[in-house]
Amino acid sequence: MNRKYNLHIMASFAIFLILADQLTKWIIVKSMDIGDSIPVIGDILEITSHRNHGAAWGMLQNQMMFFYLITVVVLVAIAYFYRKEASYKPVMQLGLTLVFAGAIGNFIDRLFRGNVVDFIDTKIINYDFPIFNVADACLTVGVIILIYDILVNENKEKKNADI
Ligand SMILES: CCC[C@@H]1OC(=O)[C@@H](C)C[C@H](C)CCCCC(=O)CCC[C@@H](CC)/C=C/C=C(\COC)CC[C@@H](O)[C@@H](O)C[C@H](O)CNC1=O
């Protein structure tokens with residue numbers, strides 16, 4: 001098994017996440033009208049059919065060319081860091097894979113729908129969090145994993161340097 005980059009595992013995981021993202025969005029588009037809402041766990045978790053023409057929190061509405069550009073930059077950066085920085089670092093590889101899958105998932109929406117399908121409607125500690133999707137969750141978890149891994153690794157390097 002290629003432990004240096006775990007490419008087979010990470011590529012399979014990315015494909016699974018992208019398919020899960022696109023399948024859930026397809027089901028929402030086919031079975032709900034925009035604005036429809038189905039309670040799942042009281043008003044803490046609902047499935048609400050929503051479209052976002054912008055980025056997080058609806059920022060930069062209808063700036064599709066900007067989103068295409070940013071997404072391509074993100075994808076190129078992921079490929080670069082995966083090759084240059086992530087060898088023998090499975091945690092960093094996982095974080096990069098999650099960000100990659102999330103970026104591709106929303107990129108497909110932007111290319112073929114002109115907007116992004118959102119449906120996970122949660123109230124986190126009474127804060128009405130923006131409605132998001134599987135791709136956003138992948139991006140957010142991936143970013144958190146990468147920040148954690150960089151902080152932990154930096155800490156280790158400092159300790160080794162102090163010895
Ligand atoms: C998750 C990044 C947003 C995602 O970026 C993408 O596609 C990337 C690949 C391309 C963007 C054009 C560029 C990144 C902008 C960075 C950004 O925006 C800062 C965000 C911080 C983030 C921590 C990492 C918080 C979290 C937010 C949310 C996610 O909660 C789980 C709420 C999501 C809802 O507002 C939902 O309507 C959004 C809609 O689905 C479109 N999604 C996007 O633009």
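Both backbone and side-chain heavy atoms feed into the values below; hydrogens, waters and symmetry mates do not. Ligands are counted one by one from 1 in listed order, and the atoms in each one are counted from 1 as well. Given the structure is predicted, the values throughout are model-derived calculations rather than measurements.
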- Task: Taking only Lys NZ, Arg NE, NH1 and NH2, and the carboxylate oxygens of Asp or Glu, determine whether Asp109 and Lys25 approach each other closer than 4.0 Å.
- Result: yes
- Item | Residue Tyr68 excluded, over 12 heavy atoms near OH under 6.0 Å | yes
- Query: Near Met65 CE, under 6.0 Å, is it more than 12 heavy atoms from other residues, nucleotides or ligands?
  - Reply: no
- Heavy-atom closest pair, residues Asn6 and Pro90: ND2-CB, 4.3 Å
- Write down the atom of Ser37, the atom of Glu46, and the distance for their closest heavy-atom approach. OG-OE1, 3.6 Å
Just to confirm my output: which protein heavy-atom neighbour is closest to [atom], and how far is it?
| atom | value |
| --- | --- |
| atom 12 (C) of ligand 1 | Phe67 CD2, 3.2 Å |
| atom 30 (O) of ligand 1 | Phe129 CE2, 3.2 Å |
| atom 35 (O) of ligand 1 | Trp57 N, 2.7 Å |
| atom 4 (C) of ligand 1 | Asp136 OD1, 3.4 Å |
| atom 15 (C) of ligand 1 | Ala55 CB, 4.5 Å |
| atom 22 (C) of ligand 1 | Thr140 OG1, 4.5 Å |
| atom 10 (C) of ligand 1 | Arg110 NH1, 3.9 Å |
| atom 19 (C) of ligand 1 | Ala56 CB, 4.2 Å |

Closer than 4.0 Å to some heavy atom of [X] - which atoms of ligand 1 meet that?
| X | result |
| --- | --- |
| Asp118 | 36 (C), 37 (O), 39 (C), 40 (O) |
| Asn133 | 40 (O) |
| Pro130 | 34 (C), 35 (O) |
| Ile70 | 13 (C) |
| Met59 | 18 (O) |

- Heavy-atom proximity to atom 6 (C) of ligand 1, picking from Leu139, Ile144, Val141, points to Leu139
- Task: Mark yes or no for whether Gln93, through its side chain, and Lys4, through its backbone, hold a donor-acceptor pair below 3.5 Å.
- Result: yes
- Note on the structure: Counting heavy atoms under 4.0 Å, the part of His50 that contacts ligand 1 is neither
- Message: Taking 4.0 Å as the limit for heavy-atom contacts, which would you say applies to Phe66 with ligand 1: side chain only, backbone only, both, or neither?
- Response: neither
- Hey, could you give me the CZ/CG distance between Phe119 and Asn133, rounded to the nearest 0.5 Å? 6.5 Å
So, is [X] polar-close to ligand 1, with some N/O to N/O distance under 3.5 Å?
| X | answer |
| --- | --- |
| Ile131 | yes |
| Asn106 | yes |
| Thr71 | no |

- Tyr127 and Phe129 aromatic ring geometry - parallel, tilted or perpendicular at 30°/60° bounds: perpendicular
Find out if a path of hydrophobic residues (ILVMFWY) with successive side-chain heavy-atom gaps under 4.5 Å connects [X] to [Y].
| X | Y | value |
| --- | --- | --- |
| Phe67 | Val116 | no |
| Ile38 | Val29 | yes |
| Ile147 | Phe81 | yes |

- Residue among Asp36, Asp121, Ile28 satisfying side-chain contact (heavy atoms from CB on, under 4.5 Å) with Ile47: Ile28
- Task: Specify whether the nearest protein heavy atom to atom 38 (C) of ligand 1 is under 4.0 angstrom away.
- Result: yes
